[in-house]
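Notes to accompany the following structure.
Every value quoted in this text rests on a predicted model; they were computed, and no experiment measured them. We number each residue from 1, following the sequence as shown. Reckoned from all heavy atoms, side chains included, excluding hydrogens, waters and symmetry mates.
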Amino acid sequence: MMTHSMTDIARGVFNAIESGDIEAARQFCADEMQASRNGGEAVGIDAVLQLGAVVKQAIPDYHYEDITCVATTDGFVEEHRACGTLSDGTAFSFWVAAVATVVDGKISNLREYVDTAEAAPLITALAG
């Protein structure tokens, strides 16, 4: 069985989300994975992947830039800019910090931190 480094796992899941390949993203996550944003209520893997699919469908050029990823003793910390173009042609870009715990080669917990004011154009587009 091939093992992946913590940073390989991070890049694997985020590359899959960025490309819209939700099933590939699922391969990097534990079935019982919990995720939260800005300290909010935790959600499961299906909710996370569904959101990723909705974002990619609404924003076909959604991608990450300025990526920095560092392994920790039990996971990784990644910082990147989420970027894309809204349907009205408005470009958006906002920082995301992701802190993950990895158990047995799979992400078991993912905590993302986003400046919601900076992310407001995307949030508004997805709500509309």
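- The minimum heavy-atom distance between Ala30 and Lys106, with the atom names listed, is N-CB, 3.5 Å.
- Within the 4.5 Å cutoff, the side chain of Leu51 has heavy atoms near those of the Arg37 side chain.
- Looking at Val77 and Thr72, their side chains come closer than 4.5 Å, going by heavy atoms from C-beta outward.
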For this session: For side-chain contact (heavy atoms from CB on, under 4.5 Å), just list the numbers for Leu122 and Ile59, CA-CA rounded to whole Å, side-chain angles, deciding distance to a tenth of an Å, and then say yes or no.
Result: CA-CA 9 Å; Leu122 175 61; Ile59 315 294; 3.8 Å; yes

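- A donor-acceptor contact closer than 3.5 angstrom is absent between the side chains of Ser19 and Asp21.
- Shown here for Val48 and Ala35, the closest heavy-atom pair between the two residues is CG2-CB, 3.4 Å.
- Linking ILVMFWY side-chain heavy atoms closer than 4.5 Å, directly or via other members, places Val54 and Ile17 in a single hydrophobic cluster.
- Considering every non-hydrogen atom in both Ala125 and Leu86, the closest pair reads CB-CD2, 3.7 Å.
- When side chains are defined from C-beta on, Leu126 counts as touching Val55, because their heavy atoms get closer than 4.5 Å.
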Problem set entry | Check against side-chain contact (heavy atoms from CB on, under 4.5 Å), Asp31 and Ile45 | CA-CA 7 Å; Asp31 291 339; Ile45 181 67; 5.7 Å; no

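- Note: Phe92 and Phe94 have parallel aromatic rings, judged against thresholds of 30 and 60 degrees for the angle between ring planes.
- Using cut-offs of 30° and 60° on the angle between ring planes, the pair His80 and Tyr64 is tilted.
- Among residues two or more places apart in sequence or in another chain, the side chain to side chain donor-acceptor pair (under 3.5 Å) test is passed with Glu23 by Arg26.
- The shortest side-chain heavy-atom distance between Asp66 and Glu79 does not fall under the 4.5 Å cut-off.
- By the 4.5 Å heavy-atom criterion applied to side chains, Asp74 and Val102 are not counted as neighbours.
- In this structure, the side chain of Ser36 does not engage the main chain of Gly39 through any donor-acceptor pair within 3.5 Å.
- Residues satisfying the side chain to side chain contact (heavy atoms under 4.5 Å, CB included) criterion with Ala10, sequence neighbours excluded, are Cys69, Phe76, Glu78.
- The pair Glu118-Arg81 meets the salt-bridge criterion, with a side-chain N (NZ, NE, NH1 or NH2) lying under 4.0 Å from an Asp/Glu carboxylate O.
- Proximity of a side-chain donor or acceptor of Asp88 to a complementary backbone N or O of Thr90 within less than 3.5 Å is detected.
- Under the 4.5 Å side-chain criterion, counting only non-hydrogen atoms from C-beta, Glu65 is in contact with Cys83.
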